[in-house]
Amino acid sequence: KPYVIMVVGVNGVGKTTTARIIGRAVNCLNLHADGEPCNECENCKSVILGRSLDIIEIDGASNTGVDDVRLLRENAKYPPSMGKYKMYIIDEVHMLSNNAFNALLKTLEEPPSHLMFVFATTESHKVPATIISRCQRFDFRRMEIESILSQLRTIANKENIKIDDKSLLQIAKKA
């Protein structure tokens, strides 16, 4: 069975960023004991710089058709070039056509062992149940202002930074 993750949430909550971190973690050559990628090995650096041949990002809004998914399926057969896994990150996966979802389903049913998917979406209700049923789902939400303020205060105190509450509030709102 492939590793298929669906990350759901509003814009700006870190869905695609999280997918990239997962991509680094599964292919990191010097993974830390706590599961964090080292961010220094060749595999991590290639993902960070957006040059990894094993972590492929696809914009679901621009690649909505069945031909796009057929090309993905053809390329997915090949093993990763440097890492343990080849990962496809499909952003705005809900934008795929029904035919594209059906073509993708075939890959999810008969996957190569080196293949992973991370589907990011703001509208999970538009993703067919046949796809969702094969995913491990994570729902992301915006953090509350008070949580952000509390963390900022903790960091400021730890770093001996003097900052007033009004400034912290402005930073928290932008975050």
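- Expressed to the nearest 0.5 Å, how far CG of Leu29 lies from SG of Cys44 amounts to 7.5 Å.
- Here side chain to side chain donor-acceptor pair (under 3.5 Å) pairs that include residues 68-79, with residues two or more places apart or in two chains, are Asp67-Arg70, Arg73-Thr107, Glu74-Lys77.
- Counting non-hydrogen atoms of neighbouring residues, nucleotides and ligands closer than 6.0 angstrom, the CG atom of Asn98 reaches no more than 12 such neighbours.
- The minimum heavy-atom distance linking Gly83 with Pro80 is given by the pair O-CG, 3.3 Å.
- Without hydrogens or angle criteria, Lys15 side chain to Phe140 main chain gives no donor-acceptor distance under 3.5 Å.
- Once rounded to the nearest 0.5 Å, the distance linking CD1 of Ile131 with NE2 of His94 reads 14.5 Å.
- Taking CE of Met143 as the reference point, atom CD1 of Ile145 lies at 9.5 Å (rounded to 0.5 Å).
- Within 6.0 Å of CD in Glu123 there are more than 12 heavy atoms belonging to other residues, nucleotides or ligands.
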key: Derivation and outcome, side chain to side chain contact (heavy atoms under 4.5 Å, CB included), residues Leu72 and Phe117   = CA-CA 11 Å; Leu72 178 154; Phe117 288 96; 3.9 Å; yes

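- Using a 4.5 Å heavy-atom threshold, the side chains of Ile163 and Ile171 count as touching.
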Test side chain to side chain contact (heavy atoms under 4.5 Å, CB included) applied to Val4 and Met6, step by step = CA-CA 7 Å; Val4 184; Met6 179 176 289; over 6 Å; no

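- In the hydrophobic clustering of ILVMFWY residues, with side-chain heavy atoms under 4.5 Å counting as a link, Ile48 and Leu53 come out apart.
- Considering CG of Asn27 and NZ of Lys84, their distance stands at 9.5 Å, rounded to 0.5 Å.
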inquiry  = Evaluate Asp165 against Arg153 for salt bridge (Lys or Arg N to Asp or Glu O under 4.0 Å), listing each step before the verdict.
reply    = CA-CA 9 Å; Asp165 284 346; Arg153 281 188 194 108; 3.4 Å; yes

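- In terms of modelled atom types and a separation under 3.5 Å, the side chain of Arg141 and the main chain of Val10 share no donor-acceptor contact.
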query = Given the rule in the side chain to side chain contact (heavy atoms under 4.5 Å, CB included) test, do Leu169 and Lys173 qualify, once you have shown the distances and angles that lead to the verdict?
reply = CA-CA 6 Å; Leu169 182 61; Lys173 284 181 178 180; 3.9 Å; yes

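- Hydrophobic cluster membership is shared by Ile58 and Val69, with clusters built from Ile, Leu, Val, Met, Phe, Trp and Tyr side chains linked at under 4.5 angstrom.
- In terms of hydrophobic clustering, with Ile, Leu, Val, Met, Phe, Trp and Tyr side chains grouped at heavy-atom distances under 4.5 Å, Ile22 and Val13 are assigned to a common cluster.
- Residues Ile55 and Tyr85 share a hydrophobic cluster, clusters being chains of Ile/Leu/Val/Met/Phe/Trp/Tyr side chains in contact below 4.5 Å.
- Nearest heavy-atom pair, Phe119 versus Cys135, reported as atom, atom and distance to 0.1 Å: CD1-SG, 3.8 Å.
- Judged by distance alone, the side chain of Ser150 and the main-chain N or O of Ser147 form no donor-acceptor pair under 3.5 Å.
- Within the 4.5 Å cutoff, side-chain heavy atoms of His32 are placed close to those of Cys38.
- When all heavy atoms of Pro112 and Ala76 are compared, the pair lying nearest together is CG-O, 3.6 Å.
- In this structure the side chain of Arg137 reaches within 4.5 angstrom of the side chain of Ser124, judged on heavy atoms.
- The two atoms that bring Val66 and Ala103 nearest to each other are CG2-CB, 3.8 Å, heavy atoms only.
- When all heavy atoms are compared, the tightest approach of Val118 to Ala19 is CG1-CB, 3.5 Å.
- Atom CG of residue Asn30 and atom CG of residue Asn39 lie 11.0 Å apart, to the nearest 0.5 angstrom.
- With rounding to the nearest 0.5 Å, the separation of OG1 in Thr130 from CG in Leu105 is 5.0 Å.
- Side-chain contact between Ser81 and Asp54 is present, with at least one heavy-atom pair separated by less than 4.5 Å.
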request  = In sequence, state the C-alpha distance, the side-chain angles, and the governing distance for Thr121 and Lys126, and then conclude on side chain to side chain contact (heavy atoms under 4.5 Å, CB included).
outcome  = CA-CA 9 Å; Thr121 183; Lys126 292 184 178 179; over 6 Å; no

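- The hydrophobic clustering, which links ILVMFWY residues whose side-chain heavy atoms are closer than 4.5 Å, places Leu108 and Ile90 together.
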